[in-house]
There are 2 protein chains.
Amino acid sequence: MTNKNVILKKSFLMTRAEENYIKTIFHLGGHSAVPIATNAIAEQMETKPSSVTDMAKKLAEKGLVHYKRYQGVSLTDSGIKTALSIIRKHRLWEVFLVKKLDFTWDEVHEVAEQLEHIKSEKLIDKIDELLDFPKYDPHGDPIPSKDGKFMVRDKELLSDLDAGVSGVCVGVKDTSAPFLKFLDKNGIALGKTITILEKEDFDQSLHIKIETQELHISHQIASNLYVKKHD
Amino acid sequence: MTNKNVILKKSFLMTRAEENYIKTIFHLGGHSAVPIATNAIAEQMETKPSSVTDMAKKLAEKGLVHYKRYQGVSLTDSGIKTALSIIRKHRLWEVFLVKKLDFTWDEVHEVAEQLEHIKSEKLIDKIDELLDFPKYDPHGDPIPSKDGKFMVRDKELLSDLDAGVSGVCVGVKDTSAPFLKFLDKNGIALGKTITILEKEDFDQSLHIKIETQELHISHQIASNLYVKKHD
DNA sequence: AATAAAATTTAGACAAATCTAAAAATAGGT
DNA sequence: ACCTATTTTTAGATTTGTCTAAATTTTATT
Ligand SMILES: [Mn+2]
Ligand SMILES: [Mn+2]
Ligand SMILES: [Mn+2]
Ligand SMILES: [Mn+2]
């Protein structure tokens, strides 16, 4: 087998489980030098630490993660590339589902979790083209380009801003269906302008204006909404 | 667990391997009373007969096939329903790839083999709607509706027709990429009118007119082209 | 009907991904 | 520095889907 085929094999012969581990490690911050703890990965993936250890060894064997016993794992350059490719697919499929099939933003994640594992470079590139090369997914998260680059929009948690400040809602931190449905119910959506009218010292709850409507939201809600401040 | 959940489990908790076996059995004709031989399934799936036996037992356990030792397998009503649902997904995805993403008809099968296993009823129904409820896939094969019904177009193999007869090309029997590429190269496509000008007794090869162009094709080619005769 | 050939099943093994329970290593507190 | 609590790894088992080799059943041939 040629060296080129070995390289191809590595990226094409990833199992679904392997891909899910790589993606989780990336999301936990394992792309930086800081290694991620076995337990953190296990908790995030709803599996047991012993399973994570087994997989860490396998991924290290494949050159996708750095792993030293008891020292946690972090992604190699190859692992980061792989993670970005999966995240790209996940987010593009989410945009597709919303823009072309009228899914709501709380419905797309579950299906994208499956679609992100479809192996076809042509397929995802054509989906990208069909969607006119979107930069952000339905939850405001950036979509990596084919070569792994993506916009890091400067945004802040609504809960970190002071009274009087206003900006545009550009993302959500919690992407769970219940949270997204709550936002729908209260007229909060990406692209809308939010102004902090008042901040309650006692419980950090906020009195906000969203477009024309006034609303009271808890700290928990505010700490899951990303806003881009007006200049 | 309620009875309803048990039923749901059966249709939702199918593994990819199980789905592929069910689909293969259906394609080999196992939907009729005639049971399909273990070896036939093994050959079609490029696996070993012993593996087929193991899976036959599991599928029988789940009520998807009839199975008696040494007697082959056939699909139960539930198995047929399952097979039609997978085939529906496969063919709708093939149409999607051709109509919306500019895939050629020789590229779609491999990707559809993956996409057919995505679990989301809403997804496939929305794809169906986006495509305006197509009745046939890019190879002329009928697409089962949500409730498992589909058109059986009356069509004949070009090789079974006599000289002088003409009709419209409505399907291919061999859907392999090499055959489809051969057809492209020779200007043969679904929807085109074909007339048999002459039939060579010796080797059954045909001299045909396809639209305005004349062409000589072997028996092997003719026996993989479906035609609907003109009235 | 007996025997040979072919098809099918069984038995036992293996790889992938997971688990539980026990052992080992690390980190934190005094 | 020592002890303890926590984290992580190892060892061994389990499930799914596969394989090879041997045994069994069916089918075809004499
Ligand atoms: Mn998502
Ligand atoms: Mn998202
Ligand atoms: Mn196909
Ligand atoms: Mn087809």
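Residue numbers begin at 1 in each chain, while the letters A, B, ... track the order of the sequences. Just so you know, these numbers come straight off a predicted model, no measurement behind them.
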> Charged N to carboxylate O below 4.0 Å: is that the case for A/Glu19 and A/Lys119?
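Result for this pair is yes, salt bridge flagged.
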
> Taking atom P of C/dT8 as reference, at what distance in whole Å does atom CD of B/Glu43 sit?
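Taking atom P of C/dT8 as the reference, CD of B/Glu43 is at 11 Å.
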
> Is it true that B/Tyr136 and B/Tyr226 have ring centroids separated by less than 6.0 Å?
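B/Tyr136 vs B/Tyr226: aromatic centres not under 6.0 Å.
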
> A/Ala37 side chain: which of D/dT8, D/dT25, C/dA16 is closest?
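Given the options D/dT8, D/dT25, C/dA16, the side chain of A/Ala37 is closest to D/dT8.
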
> Around atom CD of A/Glu110, are there more than 12 heavy atoms from other residues, nucleotides or ligands closer than 6.0 Å?
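For A/Glu110, atom CD is not crowded (no more than 12 foreign heavy atoms under 6.0 Å).
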
> Going by the side chain to side chain contact (heavy atoms under 4.5 Å, CB included) test, name the single residue among B/Leu64, B/Asn20, B/Val52, B/Val73 that passes it with B/Ile25.
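Result: among B/Leu64, B/Asn20, B/Val52, B/Val73, B/Val73 is the only option passing the side chain to side chain contact (heavy atoms under 4.5 Å, CB included) with B/Ile25.
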
> Salt bridge or not for A/Asp125 and A/Arg88, using N-O below 4.0 Å?
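Looking at A/Arg88 together with A/Asp125, the answer is yes, because their closest N to O distance falls below 4.0 Å.
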
> Does a sphere of radius 6.0 Å around CD in A/Glu43 hold more than 12 heavy atoms from other residues, nucleotides or ligands, not counting ones at 6.0 Å or beyond?
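Count not over threshold, so no.
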
> Please check if the side chain of A/Lys99 supplies one atom and the backbone of A/Leu97 the other of a donor-acceptor pair under 3.5 Å.
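Not at all, since once roles are kept as given, no pair shorter than 3.5 Å links the two residues.
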
> With respect to the phosphate group of D/dT10, does any side-chain polar atom (N or O) of A/Thr53 fall under 4.0 Å of OP1 or OP2?
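Answer is no, no contact under 4.0 Å.
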
> Please figure out whether B/Lys68 or A/Tyr21 has its closest DNA chain C nucleotide nearer the 5' end.
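Between the two, 5'-proximity favours B/Lys68.
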
> Evaluate whether atom NZ of B/Lys199 has more than 12 neighbouring non-hydrogen atoms of other residues, nucleotides or ligands under 6.0 angstrom away.
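Yes - once you tally the heavy atoms of other residues, nucleotides and ligands closer than 6.0 Å, there are more than 12.
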
> Are any of A/Asn39's side-chain N or O atoms less than 4.0 Å away from OP1 or OP2 of D/dT8?
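Yes, because at least one side-chain N or O of A/Asn39 sits under 4.0 Å from OP1 or OP2 of D/dT8.
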
> Would you say B/Asp137 and B/His90 are linked by a side-chain donor-acceptor pair, where the criterion is simply a distance under 3.5 Å?
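Result is no, nothing qualifies.
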
> What is the distance from CE of B/Met55 to P of C/dT9, rounded to the nearest Å?
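Between P of C/dT9 and CE of B/Met55: 14 Å.
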
> Which nucleotide in the set C/dT8, C/dT18, C/dA25 lies at the smallest distance from any side-chain heavy atom of A/Arg69?
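Selected nucleotide (nearest to the side chain): C/dA25.
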
> Kindly give the atom pairs (protein nitrogen or oxygen, nucleotide nitrogen or oxygen) under 3.5 Å for nucleotides 3-5 of chain D.
none

> In this structure, how many angstroms lie between the P atom of D/dT15 and the CD atom of B/Glu61, rounded?
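After rounding, the reported distance stands at 14 Å.
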
> Can you measure A/Tyr67 atom OH to D/dT8 atom C1' for me and round it to whole angstrom units?
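About 7 Å, once rounded to whole Å.
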
> Between the side-chain atoms of A/Tyr70 and the base atoms of D/dT7, is any donor-acceptor pair under 3.5 Å?
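Answer is no: no donor-acceptor pair is held.
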
> Grab the CD-C1' distance between B/Gln71 and C/dT8 for me, whole Å please.
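Between C1' of C/dT8 and CD of B/Gln71: 10 Å.
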
> N/O contacts under 3.5 Å, protein versus nucleotides 19-22 of chain D?
unit_1 : atom_1 : unit_2  : atom_2 : d
D/dC19 : OP2    : B/Thr47 : OG1    : 2.5
D/dC19 : OP2    : B/Lys48 : N      : 3.1
D/dC19 : OP2    : B/Ser51 : OG     : 2.7
D/dT20 : O4     : B/Ser50 : OG     : 3.0

